[in-house]
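We name chains A, B, ... by the order of the sequence lines, and we start the count at 1 in each one. Only a predicted model underlies this, so the values are computations on that prediction, with no experimental measurement involved.
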Amino acid sequence: MPKIAPYFSKKLIVWYLQNKRNLPWRNTNNPYHIWLSEIMLQQTRVLQGLPYYLKFIEAYPKVEDLASAPEDEVLKLWQGLGYYSRARNLHATAKRVANEMEGIFPNNYKDLLKLKGVGDYTASAIASISFNQPEAVVDGNVYRVLSRFFGISTPINSTAGQKEFKQLAQELIVKEQPGTFNQAIMEFGARYCVPQNPDCENCIFNDSCVAFQQKKVAQLPVKIKSKPVKQRFFNYLVILSENERTVLQQRNGKGIWHKLYEFPLIETSKEIEVSELQKLPQFQDFSDKINIRNISLYNEEAVVHKLSHQHLNTRFWIIETLDETESSVAISEIESYAVPVLIANFVSEFFENY
DNA sequence: AAATCGGGGTT
DNA sequence: AACCCAGATTT
């Protein structure tokens with residue numbers, strides 16, 4: 001290993017310098033920009049995160065701008081990117097840096113790690129890219145490249161695996177150019193050593209890659225399987241008043257979409273029809289407050305909104321009323337609220353010609 | 001150690 | 001349908 005390490009690392013950097021994409025966060029060492037990009041790219045493809053990065057940089061050129069923005073505004077800009085705790089932690093950290101640290105980010109791994117939303121990967125990325133510290137990153141790409149090249153079958157999502165791969169990456173990092181090495185190994189995983197059907201025949205490492213030599217490329221990396229997805233059944237109550245207003249509620253407490261807005265929701269254990277809906281205590285609490293003129297089902301066939309760990313089988317119930325509903329929102333104002341994609345899709349479809 | 005947190009691309 | 005993405009945090 002000590003012999004192959006310099007060979008692997010240098011060759012990787014040469015490949016990177018010839019093949020890297022020109023991405024906006026690669027033209028800067030500004031820790032605010034690097035931090036923002038790294039938070040956005042957590043579990044997110046570069047092409048999905050890129051437009052959000054550009055939006056945020058434009059809306060909030062400096063960390064103080066982000067710090068002074070209302071949380072609802074930050075969540076609205078984040079809408080569609082998912083994992084919304086990232087946006088809430090992003091905002092909280094911006095406030096801390098702006099108000100308690102004089103707008104200056106920590107310049108080392110240990111202190112970066114204390115920031116909300118910054119874990120081992122992100123602290124290492126910022127430390128290496130912005131501050132030239134030799135801290136190795138281990139993301140999904142790094143797991144894949146290292147497990148294949150070195151033929152390591154320790155599950156990457158086990159505690160032992162995380163420790164083993166982190167230590168290996170730390171041994172491989174080029175200390176003179178840690179940021180470049182880190183980005184090189186990630187770029188190689190993202191663009192060449194891809195999850196399925198990598199082009200190993202033409203790979204620069206195919207003479208030394210253990211997985212290729214042993215024909216185990218398709219079996220690596222090893223990952224412990226997660227449990228099957230949960231089926232949930234959502235009934236959204238879409239209130240329509242005579243004066244073109246509806247009701248939105250902010251999600252509180254635990255669970256998905258914390259602090260985003262949605263129509264009043266009744267979750268059931270299975271799909272239900274209108275007679276069953278009307279018998280539910282949650283619905284009766286609701287109908288006590290407004291005078292319902294008519295109820296109709298918008299979609300007989302449930303919309304299945306697929307998340308990593310759950311499928312949301314969703315039906316929208318259109319509830320017409322004459323009342324001026326309490327804490328209501330004008331139809332035309334819905335788009336100013338941060339809502340889940342599931343809601344945004346319905347709104348744009350249902351109110352298209354409204 | 002395991003569960004949870006989104007949405008979208010690829011095969 | 002299964003797998004994965006420039007992971008972090010909570011249980």
Side-chain angles (χ1 to χ4, degrees), chain A residues 16 20-21 23-26 34-53 75 78-90 92-93 112-126 128-129 136-145 155-163 165-166 169 179 181-191 193-198 218-230 232 251 253-260 304-312 338-345:
Chain A
Y16 174 66
K20 69 173 184 175
R21 290 167 287 183
L23 300 169
W25 49 84
R26 286 191 174 151
I34 299 301
W35 164 72
L36 183 58
S37 72
E38 294 299 346
I39 300 294
M40 284 185 166
L41 294 177
Q42 288 167 5
Q43 289 293 287
T44 304
R45 290 169 183 279
V46 164
L47 289 180
Q48 187 186 3
L50 180 55
Y52 288 85
Y53 175 82
L75 284 169
W78 196 274
Q79 180 179 308
L81 198 53
Y83 284 157
Y84 296 94
S85 66
R86 291 184 296 170
R88 301 191 304 267
N89 288 334
L90 183 85
T93 292
L112 285 162
L113 202 52
K114 295 175 185 166
L115 302 176
K116 270 190 186 177
V118 175
D120 181 85
Y121 164 81
T122 305
S124 300
I126 301 171
S128 63
I129 297 170
V137 298
V138 183
D139 75 333
N141 295 305
V142 176
Y143 279 124
R144 189 168 53 254
V145 171
I156 60 172
N157 54 346
S158 66
T159 303
Q162 288 174 23
K163 202 176 153 191
F165 283 97
K166 175 77 182 181
F181 172 82
N182 279 340
Q183 297 188 74
I185 190 169
M186 290 191 285
E187 186 82 342
F188 186 73
R191 308 263 294 172
C193 193
V194 292
Q196 302 178 63
N197 307 320
Q219 278 69 52
L220 292 173
V222 173
K223 196 168 186 178
I224 299 167
K225 297 221 177 201
S226 56
K227 58 177 209 177
V229 301
K230 180 187 297 184
R232 300 176 71 181
R251 288 182 69 92
K254 303 193 181 308
I256 56 173
W257 302 332
H258 181 53
K259 292 197 176 180
L260 270 61
V304 185
H305 189 69
K306 295 177 179 179
L307 307 179
S308 300
H309 298 278
Q310 48 192 318
H311 288 181
L312 308 177
V339 300
V341 167
L342 171 63
I343 300 296
N345 289 344

Handout entry: C1' atoms of C:dC3 and B:dG6, separation to the nearest Å
Key =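 Rounded to whole Å, the distance is 15 Å.
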
Practice task
Determine the interatomic distance between P on B:dT11 and the same-named atom on C:dA6; round to the nearest Å.
Solution key: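 Pairwise P distance, B:dT11 against C:dA6, rounds to 14 Å.
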
Handout entry: Under the ring pair (Phe, Tyr, Trp, His ring centres under 6.0 Å) test, residues paired with A:Tyr53 that sit two or more places apart
Key =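 Applying ring pair (Phe, Tyr, Trp, His ring centres under 6.0 Å) to A:Tyr53 gives A:Trp25.
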
Exercise for the section: Check salt bridge (charged side-chain N to carboxylate O under 4.0 Å, His left out) between A:Lys259 and all other residues, then give those that pass, not counting sequence neighbours. Expected result: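 For A:Lys259 the salt bridge (charged side-chain N to carboxylate O under 4.0 Å, His left out) partners, ignoring immediate neighbours, are A:Glu71.
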
Handout entry: Set of salt bridge (charged side-chain N to carboxylate O under 4.0 Å, His left out) partners for A:Lys166, sequence neighbours left out
Key =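 Residues passing salt bridge (charged side-chain N to carboxylate O under 4.0 Å, His left out) with A:Lys166: A:Asp120.
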
Classify [X] by what it touches in the nucleic acid, base, sugar-phosphate, or nothing, heavy-atom distance under 4.0 Å.
X	value
A:Leu47	nothing
A:Val118	sugar-phosphate
A:Gly49	nothing
A:Ser158	nothing
A:Arg26	base
A:Trp25	base
A:Gly189	nothing

Exercise for the section: Indicate whether the side chain of A:Gln42 and that of A:Arg86 have a donor and an acceptor atom separated by less than 3.5 Å. Expected result: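 Note: A:Gln42 and A:Arg86 side chains miss the donor-acceptor criterion.
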
Pairs under 3.5 Å (N/O, protein and nucleotides 9-11 of chain B):
from	atom 1	to	atom 2	distance (Å)
B:dT11	O3'	A:Asn197	ND2	3.2

Practice task
Establish, with yes or no, whether the OP1 or OP2 oxygen of B:dC5 is under 4.0 angstrom from a side-chain nitrogen or oxygen of A:His258.
Solution key: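 No, A:His258 has no side-chain N/O under 4.0 Å of OP1/OP2 on B:dC5.
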
Exercise for the section: Output yes when at least one side-chain N/O atom of A:Gln310 is less than 4.0 Å from OP1 or OP2 of B:dC5, else no. Expected result: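 Affirmative; the distance criterion is met.
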
Handout entry: Nearest heavy-atom neighbours spanning A:Arg21 and A:Ala190
Key =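 Closest heavy-atom pair between A:Arg21 and A:Ala190: NH2-CB, 4.1 Å.
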
Handout entry: Donor-acceptor contact below 3.5 Å, side chain A:Asn182 vs main chain A:Val137
Key =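 Checking the backbone N and O of A:Val137 against the side chain of A:Asn182, a donor-acceptor pair under 3.5 Å is found.
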
Practice task
Determine yes or no for a side-chain-to-main-chain donor-acceptor pair under 3.5 angstrom, with A:Asn157 supplying the side chain and A:Ile224 the backbone.
Solution key: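 Indeed, once roles are kept as given, a pair shorter than 3.5 Å links the two residues.
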
Problem - Side chain to side chain, A:Val142 and A:Phe165, heavy atoms closer than 4.5 Å - result: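 Side-chain contact under 4.5 Å: no.
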
Handout entry: Of the listed nucleotides B:dG6, B:dG8, B:dA1, the one nearest the side chain of A:Trp257
Key =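 Of the candidates, B:dG6 comes closest.
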
Handout entry: Nearest listed nucleotide, side chain of A:Ser308, among B:dG6, B:dC5, B:dA1
Key =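 Selected nucleotide: B:dG6.
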
Exercise for the section: With a 4.0 angstrom cut-off to heavy atoms of chain A, pull out the first and last contacting nucleotide of DNA chain C, in 5'-to-3' order. Expected result: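 Endpoints of the contacted stretch of DNA chain C: C:dA1 to C:dT11.
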
Problem - 5'-most by nearest nucleotide on DNA chain B - A:Asn157 or A:Gln48 - result: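 Nearest-nucleotide comparison on DNA chain B picks A:Asn157.
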
Problem - Residues forming a side chain to side chain donor-acceptor pair (under 3.5 Å) with A:Thr93, sequence neighbours excluded - result: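 Applying side chain to side chain donor-acceptor pair (under 3.5 Å) to A:Thr93 gives none.
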
